[in-house]
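Keep in mind it's a predicted model, so treat the numbers as computed, not measured.
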Amino acid sequence: MPGAAHLRDSPTLISILKKQNASGKLYAAICASPAIVLAGNGLVGEGATCYPAPGLLEKMSSPVDDDVVVQGNVVTGALRDI
(Lines give C-alpha, C1' and ligand atoms only; values in the text may rest on other atoms or scores of the structure.)
Protein backbone atom coordinates (compact mmCIF):
# COMPACT_ATOMS: atom_id res chain seq x y z
CA MET A 1 0.00 0.00 0.00
CA PRO A 2 2.73 2.56 0.62
CA GLY A 3 3.92 1.95 -2.94
CA ALA A 4 0.61 3.13 -4.40
CA ALA A 5 0.69 6.26 -2.22
CA HIS A 6 4.23 7.03 -3.40
CA LEU A 7 3.10 6.67 -7.01
CA ARG A 8 0.06 8.89 -6.36
CA ASP A 9 2.34 11.57 -4.89
CA SER A 10 4.81 11.54 -7.81
CA PRO A 11 4.22 14.65 -9.93
CA THR A 12 6.35 13.14 -12.70
CA LEU A 13 4.24 9.97 -12.90
CA ILE A 14 0.93 11.84 -12.73
CA SER A 15 2.08 14.17 -15.50
CA ILE A 16 3.00 11.19 -17.69
CA LEU A 17 -0.32 9.46 -17.00
CA LYS A 18 -2.30 12.62 -17.83
CA LYS A 19 -0.38 12.99 -21.11
CA GLN A 20 -1.04 9.33 -21.94
CA ASN A 21 -4.73 9.85 -21.22
CA ALA A 22 -5.00 13.08 -23.22
CA SER A 23 -3.33 11.54 -26.25
CA GLY A 24 -5.37 8.32 -26.07
CA LYS A 25 -2.31 6.18 -25.37
CA LEU A 26 -2.45 3.05 -23.27
CA TYR A 27 -1.81 3.14 -19.52
CA ALA A 28 -2.59 0.69 -16.73
CA ALA A 29 -2.61 0.07 -12.99
CA ILE A 30 -2.97 -3.01 -10.81
CA CYS A 31 -3.74 -3.88 -7.19
CA ALA A 32 -4.33 -0.74 -5.10
CA SER A 33 -3.09 1.68 -7.76
CA PRO A 34 -6.32 1.94 -9.77
CA ALA A 35 -8.05 3.31 -6.66
CA ILE A 36 -5.15 5.27 -5.17
CA VAL A 37 -3.33 6.56 -8.25
CA LEU A 38 -5.83 6.61 -11.10
CA ALA A 39 -9.13 7.35 -9.33
CA GLY A 40 -7.40 9.82 -7.04
CA ASN A 41 -6.33 11.82 -10.10
CA GLY A 42 -9.44 11.45 -12.25
CA LEU A 43 -7.71 9.03 -14.62
CA VAL A 44 -10.23 6.17 -14.53
CA GLY A 45 -13.97 6.07 -15.02
CA GLU A 46 -16.82 4.01 -13.67
CA GLY A 47 -16.58 0.26 -13.79
CA ALA A 48 -12.84 -0.20 -13.25
CA THR A 49 -11.38 -2.81 -10.90
CA CYS A 50 -8.81 -2.86 -8.12
CA TYR A 51 -7.71 -5.06 -5.23
CA PRO A 52 -10.95 -5.81 -3.33
CA ALA A 53 -10.00 -4.37 0.04
CA PRO A 54 -12.16 -2.19 2.28
CA GLY A 55 -11.19 1.42 1.82
CA LEU A 56 -10.02 0.90 -1.75
CA LEU A 57 -13.33 0.02 -3.36
CA GLU A 58 -14.93 3.13 -1.86
CA LYS A 59 -12.44 5.30 -3.77
CA MET A 60 -13.62 3.85 -7.09
CA SER A 61 -16.71 4.96 -8.98
CA SER A 62 -18.90 1.86 -9.43
CA PRO A 63 -16.07 -0.73 -9.19
CA VAL A 64 -16.58 -4.16 -10.73
CA ASP A 65 -15.47 -7.52 -9.39
CA ASP A 66 -13.41 -8.57 -12.42
CA ASP A 67 -9.76 -9.53 -12.58
CA VAL A 68 -9.06 -7.18 -15.50
CA VAL A 69 -11.06 -4.32 -17.02
CA VAL A 70 -10.23 -2.54 -20.27
CA GLN A 71 -11.87 0.85 -20.78
CA GLY A 72 -10.61 2.40 -23.98
CA ASN A 73 -6.95 3.18 -23.31
CA VAL A 74 -7.08 2.36 -19.56
CA VAL A 75 -6.47 -1.12 -18.16
CA THR A 76 -7.06 -1.91 -14.49
CA GLY A 77 -6.31 -5.15 -12.70
CA ALA A 78 -7.33 -6.51 -9.32
CA LEU A 79 -4.23 -8.68 -8.61
CA ARG A 80 -6.02 -10.90 -6.15
CA ASP A 81 -4.21 -13.18 -3.69
CA ILE A 82 -2.49 -16.03 -5.45
Item to check | Pairs flagged by side-chain hydrogen bond (donor to acceptor under 3.5 Å, both in side chains) wherever residues 21-35 is involved - sequence neighbours left out | outcome: N21-Y27
With sequence neighbours left out, what residues match [X] under side-chain contact (heavy atoms from CB on, under 4.5 Å)?
{"X": "K18", "value": "I14, L43"}
{"X": "I30", "value": "L79"}
{"X": "A28", "value": "V75"}
{"X": "E58", "value": "none"}

Determine the minimum heavy-atom distance between [X] and [Y], stating which atoms define it.
{"X": "A32", "Y": "L56", "answer": "CB-CD1, 3.8 Å"}
{"X": "S62", "Y": "E46", "answer": "OG-OE1, 3.9 Å"}
{"X": "Q71", "Y": "G47", "answer": "NE2-C, 3.7 Å"}

Next on the checklist: D67: which residues meet the salt bridge (Lys or Arg N to Asp or Glu O under 4.0 Å) condition with it, sequence neighbours left out?
Outcome noted: R80
Checklist entry - Are any side-chain N or O atoms of S61 and backbone N or O atoms of G45, one a donor and one an acceptor, separated by less than 3.5 Å? => result no
Checklist entry - So how far is it from D66 CG to C50 SG, rounded to the nearest 0.5 Å? => result 12.0 Å
Next on the checklist: Working to the nearest 0.5 angstrom, can you tell me the gap between L38 CG and K59 NZ?
Outcome noted: 13.5 Å
Item to check | Partner of V69 under side-chain contact (heavy atoms from CB on, under 4.5 Å), chosen from T76, V44, V74 | outcome: T76
Item to check | Stepwise side chain to side chain contact (heavy atoms under 4.5 Å, CB included) check, L7 with I36 | outcome: CA-CA 9 Å; L7 294 172; I36 303 297; over 6 Å; no
Checklist entry - Can I16 be reached from L26 by stepping across I, L, V, M, F, W or Y side chains whose heavy atoms are under 4.5 Å apart? => result no
